[in-house]
Amino acid sequence: MSTTTAQGVRGAADALVAAFAEGRLDDYFGSFAPDATFVFHTTPRRLGSTEEYRALWQQWVEQDGFRVLGCISSARLIQQFGDTAVLSHDVETRVVTHAGEETLHERETIVFSRDGDDRWTAVHEHLSARTAA
């Protein structure tokens with residue numbers, strides 16, 4: 001992978017994770033293509049668009065008082081396959097709901113696609129549970 005490509009993917013991943021960790025939802029959801037797909041171990045089915053994910057997020061907020069307090073990304077691996085790149089990493093996310101504060105330990109894969117302007121956009125996210133280290 002070229003240095004330019006690595007920097008571009010790393011920058012896109014860093015921006016996405018930071019927006020998530022800081023609760024900047026417009027920036028977070030803006031990191032994904034409109035037709036991105038999402039597979040979460042906490043939901044019974046695949047989500048077929050960023051709009052569908054954002055609606056589910058809003059439901060979590062309204063029903064559960066859901067809010068992200070912070071997120072740490074570690075053990076990152078970025079692989080490039082032409083105009084596609086895959087980020088796999090461990091995430092430790094602090095959230096709060098009406099039930100209280102909780103730390104989630106998960107493993108995540110985000111697939112990025114490069115557009116004609118050399119911008120890397122997330123097109124798929126898969127999140128699974130992991131045991132705390």
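The basis for the numbers below is simple: all heavy atoms, side chains too, and nothing from hydrogens, waters or symmetry mates.
In this structure, Asp64 contributes its side chain and Phe66 its backbone to no donor-acceptor pair below 3.5 Å. At distances below 3.5 Å, not a single donor-acceptor pair connects side-chain atoms of Thr43 with backbone N or O atoms of Val39.
The shortest distance between side-chain heavy atoms of Asp90 and Glu92 does not fall below 4.5 Å.
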For this session: Under the side chain to side chain contact (heavy atoms under 4.5 Å, CB included) rule, what do His89 and Val17 come out as? Steps first, then yes or no, please.
Result: CA-CA 11 Å; His89 62 150; Val17 171; 4.0 Å; yes

Exercise. Does the pair Arg114 and Asp118 meet the rule for a salt bridge (Lys or Arg N to Asp or Glu O under 4.0 Å), with working shown?
Worked result: CA-CA 6 Å; Arg114 181 172 44 197; Asp118 245 12; 3.7 Å; yes

For this session: Test side chain to side chain contact (heavy atoms under 4.5 Å, CB included) on Phe112 and Ile78 and set out the steps.
Result: CA-CA 10 Å; Phe112 291 89; Ile78 297 174; over 6 Å; no

For this session: List the steps and the verdict of side chain to side chain contact (heavy atoms under 4.5 Å, CB included) for Gln80 and Val9.
Result: CA-CA 9 Å; Gln80 182 186 2; Val9 175; over 6 Å; no

For this session: Just do the side chain to side chain contact (heavy atoms under 4.5 Å, CB included) check on Glu125 and Leu16 with the steps written out, would you?
Result: CA-CA 11 Å; Glu125 178 181 348; Leu16 186 154; 5.6 Å; no

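Shown here are the side-chain hydrogen bond (donor to acceptor under 3.5 Å, both in side chains) partners of Thr93, two or more places apart in sequence or in another chain: there are none. The side-chain hydrogen bond (donor to acceptor under 3.5 Å, both in side chains) test applied to His124 returns Thr37, not counting sequence neighbours. For His41, the side-chain hydrogen bond (donor to acceptor under 3.5 Å, both in side chains) test picks out Glu106, with sequence neighbours left out.
In plain terms, the two heavy atoms of Thr50 and Ala33 that are nearest each other are OG1-O, 2.6 Å.
How far CD1 of Ile72 is from NE2 of His105: 10.0 Å, rounded to the nearest 0.5 Å. Atom OH of Tyr28 sits about 11.0 Å away from atom CZ of Arg54, to the nearest 0.5 Å.
Counted within 6.0 Å of CZ on Arg76, heavy atoms from surrounding residues, nucleotides or ligands total more than 12; the atom is thus considered enclosed. Atom CD of Glu51 sits in a sparse spot, with 12 or fewer heavy atoms from other residues, nucleotides or ligands closer than 6.0 Å. No more than 12 heavy-atom neighbours from other residues, nucleotides or ligands sit within 6.0 angstrom of CZ on Arg67.
The aromatic rings of Tyr53 and Phe29 lie perpendicular to each other, with more than 60° between the two planes, well past the 30° mark.
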